[in-house]
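Since this is a predicted model, take the numbers as computed values, not measurements.
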Amino acid sequence: MAFHGHENGFDPAQISDVVSAALVGSLFDALLTYDHLARPAKLKPNTAVSLPEVSDNYTRFVFRIKPGITFSEHPAFKDKAGRPTQRELVAADYVYSIKRYYDPAVRSPTLFHYQGAGLLGLDELRQKALDTKTPFPYDTEVEGLKALDRYTLQIRVAKPAPRLPYVLATPALSGAVAREVIESLPDTKAAMAHPVGTGPFKLGAWRRGSRIVLERNPAHQHSVHDEQPAADDAEGQAIAQRFRGRKLPMVDRVEVSIIEEAQPRWLAFLNGELDMVWVPDEFVGSAAPQGQVAPYLAKRGVRMTRVVAPTTRHVYFNLENPIVGGYTPERVALRRALALAYNAPRERALMRRGQMKPAQSVIPPQVSGYDPDLKSEMSDYDPQRAKALLDLAGYVDKDGDGWRDQPNGQPLQLELHTEPTQLARQWQGHWKSSMDAIGVKMSFRMGAWQENIKAARAGKLMMWTTGWSAAIPDGSYFLDLMYGPNKGQSNYARFDLPAFNTLNEQQRVLPDGPERQAVIAQAVKLSLAYMPYKASGHDVNTWLYQPRVQGFRPHPFMRDFWRFVALEP
């Protein structure tokens, strides 16, 4: 198979990109997982014996871990006599693994998931390490994260965290690593290249940015195909009946190529070099006209799956940037005008070939907090209203050069970052023509994906065309893009509005239901008013797969779906 974006590495605590997260899902085990065939998403045990025992109004979670699960082999695993040995997964491994997210030396971009839940005592340990400039005290016990015995893990949080189990079902957010392995490495960054876990696969080969090979992990013996789709899900029922009881994974090897450009990726599938492909938007018309597999592909036995993904494509505005940032009326007006002026319908029709659903906010379908009835300014394309708003806010041509200036007379010069791909060049064209139409000068800079991520976290980019894909079925994952304390992590826009922060904190502690939905709706309104993100839409993913691929069904949150795939005539 192939990905169209680069991997960053394989350490759960250090990654946040979707490609690395998908691969990490095959290498490490979280306590929980999802039923692969159940829709909507449904949690089930993984390394835990059962779902957690929850008490004290969602502030205490107790997990019992299955005995006998072992890590893949590594020289760090030795018995008292110094001989190589198998290493069993125990509760202390999850204590250590979660603490790593708090270690300042790790610089985890996904720490906000735990800080939002408020694990008791962990923030204090982190702050002490920062203040004293000393190593993180892993051996200091805290109330929020304890191994009660060899197989029992207890998590306690300061305030109700009803959706914390979703985090503990995501290997990229909570996969268990072994302390001996991490401490045997020369530095923290080395963990990105030396994954040792209990997952269904282990890393067989890696050529950065080009090829990743996953090989079956012989130590992984605890996963079987026992999925429970809905009774009226005919496709799911057929898959479940066919493979029930089969040990996972069902393939011995997965070869992943990184192919950024659409044409070679599509040609690789047509030539039989890929077993499955997320069809590039520009080839959807020839691959699946009128939503059906094209006859020339159908004759070969190629099949199709199409889903609306919990993904939001957007451009963010850096709220700390001296040109597009700020909370004063004229800066808010500028961002809202730029959002109105951007021709998102053209992007969806031409770039995406209709494979995108218009976005009314940053929250996509399939997560809590999504409102299918919401209609907002986010989806509007109205250059005339954009011009009027700019005029009203004082963004007019003051020096007669044909381009609008800032209210203080300084030049208004936008800078948008993209990647060096054909798709990104189309984005540049859409943005430039949109901005030219309202008299706003725009330039572009291109950088590699990882470079842009690092610069975005550091607050160095004015604007960036990127996106956010849900790792969990919780709308908080998208509100966290705008939560002030998440600057330097998921909050690339560096939006920090006290009223929004308060609403985000309120909805976190509420169980799913009308009360929480109302609070999320208020937070969404603030995000629409201040416009830190211009969301274009939500992906419609069209997958094609070769005849020998059996059991394939993409899951919205469990990204390593290949563990459920069989290759059979």
Side-chain angles (χ1 to χ4, degrees), residues 1-5 22 36-39 225 227 229-244 246 248-311 348-357 365-366 422-423 426 537-556 558-569:
M1 55 179 297
F3 285 120
H4 61 274
H36 176 59
L37 298 176
R39 303 291 187 275
H225 202 295
E227 313 311 292
D232 60 353
D233 179 359
E235 179 192 46
Q237 287 290 341
I239 295 173
Q241 291 172 20
R242 179 170 183 176
F243 297 110
R244 193 173 309 283
R246 290 271 294 269
L248 300 177
M250 294 189 286
V251 296
D252 299 311
R253 181 180 175 92
V254 179
E255 297 183 358
V256 180
S257 298
I258 305 300
I259 308 176
E260 290 188 283
E261 293 292 354
Q263 186 176 40
R265 194 164 67 252
W266 175 238
L267 290 175
F269 178 77
L270 292 181
N271 292 335
E273 299 164 21
L274 300 177
D275 279 301
M276 57 190 67
V277 67
W278 175 4
V279 182
D281 293 330
E282 50 265 58
F283 296 104
V284 165
S286 61
Q290 286 79 51
Q292 302 293 323
V293 177
Y296 75 98
L297 294 171
K299 287 179 181 178
R300 293 165 46 181
V302 171
R303 287 164 291 156
M304 180 182 76
T305 294
R306 179 172 283 172
V307 293
V308 178
T311 298
R348 293 191 293 270
L350 299 182
M351 285 178 61
R352 303 295 184 178
R353 303 303 199 275
Q355 301 299 292
M356 180 183 278
K357 179 179 179 179
Q366 300 196 59
Q422 184 62 37
L423 184 66
Q426 292 181 50
H538 313 299
D539 288 349
V540 177
N541 294 346
T542 298
W543 287 88
L544 294 183
Y545 45 104
Q546 306 286 5
R548 70 174 185 155
V549 176
Q550 306 296 324
F552 171 69
R553 194 184 205 187
H555 190 278
M558 188 165 47
R559 294 177 176 136
D560 62 323
F561 50 78
W562 47 86
R563 76 166 74 184
F564 295 93
V565 166
L567 297 180
E568 299 176 352

### Task
Test M250 against Q550 for side chain to side chain contact (heavy atoms under 4.5 Å, CB included), laying out the working first.
CA-CA 10 Å; M250 294 189 286; Q550 306 296 324; over 6 Å; no
### Task
Determine, step by step, whether W278 and M1 satisfy the side chain to side chain contact (heavy atoms under 4.5 Å, CB included) criterion, reporting the C-alpha distance in whole Å, the side-chain angles of both residues, the deciding distance to 0.1 Å, and the verdict.
CA-CA 9 Å; W278 175 4; M1 55 179 297; over 6 Å; no
### Task
Please step through side chain to side chain contact (heavy atoms under 4.5 Å, CB included) for the pair Q263 and F283, ending with a clear verdict.
CA-CA 8 Å; Q263 186 176 40; F283 296 104; 4.0 Å; yes
### Query
Checking side chain to side chain contact (heavy atoms under 4.5 Å, CB included) for the pair V279/W266: CA distance, chi angles, key distance, verdict?
CA-CA 7 Å; V279 182; W266 175 238; 4.3 Å; yes
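In terms of heavy-atom proximity, Q546 sits nearest to G272 at NE2-CA, 3.9 Å. Nearest heavy atom pair, residue R265 against residue L274, reads O-CD1, 3.6 Å. Of all non-hydrogen atoms in I239 and G551, the two that sit nearest each other are CG2-CA, 4.0 Å. Residues P365 and K357 approach most closely at CG-NZ, 4.3 Å, considering heavy atoms. Heavy atoms only, all atoms of each residue included: N541 and A309 are closest at ND2-CB, 3.4 Å. Closest of all the heavy-atom pairs between A262 and P280 is CB-CB, 3.5 Å.
Between F3 and W562, the ring planes lie perpendicular to each other; the angle is over 60°, past the 30° to 60° tilted range. Using cut-offs of 30° and 60° for the angle between ring planes, the F561 and F552 rings count as perpendicular.
The closest donor-acceptor contact from the side chain of Q237 to the backbone of A230 lies under 3.5 Å. The backbone N or O of P556 sits nowhere less than 3.5 Å from a side-chain atom of R559 that would complete a donor-acceptor pair. In terms of modelled atom types and a separation under 3.5 Å, the side chain of Q422 and the main chain of E261 share no donor-acceptor contact.
Atoms CZ and CG, on R348 and D281 in that order, are 13.0 Å from each other to the nearest 0.5 Å. For the atom pair CG (L567) and CZ (R548), the distance works out to 4.5 Å, reported to the nearest 0.5 Å.
With a 4.5 Å cut-off on side-chain heavy atoms, H4 and L423 do not count as touching.
Of the residues listed (E227, R246, R553), the one engaging F564 in a side chain to side chain contact (heavy atoms under 4.5 Å, CB included) is E227, and it is the only one.
Ionic pairing of E568 and R242 is present here: one or more N-O contacts between side-chain nitrogen and carboxylate oxygen are shorter than 4.0 angstrom.
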Exercise answer: donor-acceptor pairs, residues 287-307 side-chain atoms, under 3.5 Å, sequence neighbours excluded:
from: R300; atom 1: NH1; to: L270; atom 2: O; distance (Å): 3.4
from: R300; atom 1: NH2; to: L270; atom 2: O; distance (Å): 3.0
from: R303; atom 1: NH2; to: P547; atom 2: O; distance (Å): 3.1
from: R303; atom 1: NH2; to: V549; atom 2: O; distance (Å): 2.5
from: R306; atom 1: NE; to: T542; atom 2: OG1; distance (Å): 2.9
from: R306; atom 1: NH2; to: T542; atom 2: OG1; distance (Å): 3.3

